[in-house]
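Report on one structure; see the data block that follows.
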Amino acid sequence: MTTILSTLFGISLFAAATGGPVDLAAWTPAAGDRVIVDTLENVGYLVRENGDYTSFPVLTGQRRVVHYIGRTYNAATPNKHWTSKSIDIKGRSMTFGETGTFIRLYDENGEGTPYGIHSHLAFQTMLDSGDRYRSMGCVLVSEDVLKLIVQTFNLNGGSLEIVTTYGIDVPEPIADIDTKPGWLGF
């Protein structure tokens with residue numbers, strides 16, 4: 001996993017692993033931060049090159065074929081490397097949450113897709129239900145997490161690297177960086 005994420009993000013495998021987990025309430029976005037979404041465990045991570053990261057619950061796509069907004073498709077969230085280049089404001093709605101903020105995901109060809117990161121007015125209710133595969137393919141987060149991701153997007157000059165992956169090996173805090181490489185190859 002280290003090599004895959006290092007390759008995807010273009011991160012040096014030789015950088016020192018000095019960071020570790022940070023409580024979400026204490027996380028302050030910084031330029032260079034990236035987003036990783038584990039679609040197996042439905043956990044999102046904001047990560048930075050020094051190895052610091054914070055985690056938060058997410059909801060991802062239903063694992064079935066759906067008929068939605070005039071399309072028929074498998075609603076499972078695709079696992080891939082994305083770039084976000086725009087934020088749309090859809091307005092307050094059940095689907096897009098309190099602020100209506102929609103962080104659009106762009107594919108490897110730079111084309112905008114129907115996928116994005118946004119909130120949902122019933123996010124907490126869906127999260128509490130225990131079924132974390134509830135969206136139509138997008139990554140759903142709380143409004144508070146969405147604000148952090150928007151701040152990160154802005155600090156990165158209106159662009160944000162995002163990886164959705166089925167499973168990720170998150171280590172325990174690293175006690176000895178000379179013998180244990182960081183989980184993101186830093």
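Sequential numbering from 1 along the given sequence is applied to the chain's residues. These numbers come from the heavy atoms of this one structure, side chains and all, not from hydrogens, waters or symmetry mates. Bear in mind that the values here come from a model prediction, so they are computed numbers and not experimental data.
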Taking every heavy atom of Leu155 against every heavy atom of Ala31, the minimum-distance pair comes out as O-CB, 3.5 Å
May I ask you to decide whether Lys80 forms a salt bridge with Asp107, counting only side-chain N to carboxylate O separations under 4.0 Å? no
Can you tell me how the ring of Tyr45 sits relative to the ring of Tyr53, calling it parallel under 30°, perpendicular over 60° and tilted otherwise? perpendicular
Exercise: identify the closest heavy-atom pair between His67 and Thr72: ND1-OG1, 2.8 Å
Reported CG-to-OG1 distance for the pair Leu46 and Thr54, which is rounded to 0.5 angstrom: 7.0 Å
Once you round to the nearest 0.5 Å, how far does OG of Ser142 lie from CD of Glu98? 12.5 Å
Closest contact, heavy atoms only, Ile103 versus Ile87: CG1-CG1, 4.1 Å
Are Arg34 and Glu49 within salt-bridge range, i.e. N to O under 4.0 Å? yes
Aromatic plane relationship, Phe96 with Phe102 - under 30° parallel, 30 to 60° tilted, over 60° perpendicular: perpendicular
Inter-residue atom distance Thr165.OG1 - Asp38.CG, 0.5 Å rounding: 7.0 Å
Flag for Ser93-Thr95: side-chain donor and acceptor within less than 3.5 Å: no
Connected hydrophobic set around Phe123, excluding itself, where side chains approach under 4.5 Å: Leu59, Met126, Leu127, Leu140
Verify the distance criterion only: is there a donor paired with an acceptor across the side chains of Glu143 and Thr99 at less than 3.5 Å? yes
Does the side chain of His81 come under 3.5 Å of the side chain of Glu161 through a donor N or O and an acceptor N or O? yes
Under a 3.5 Å threshold, yes or no: a donor from one side chain and an acceptor from the other, between Tyr133 and Thr77? no
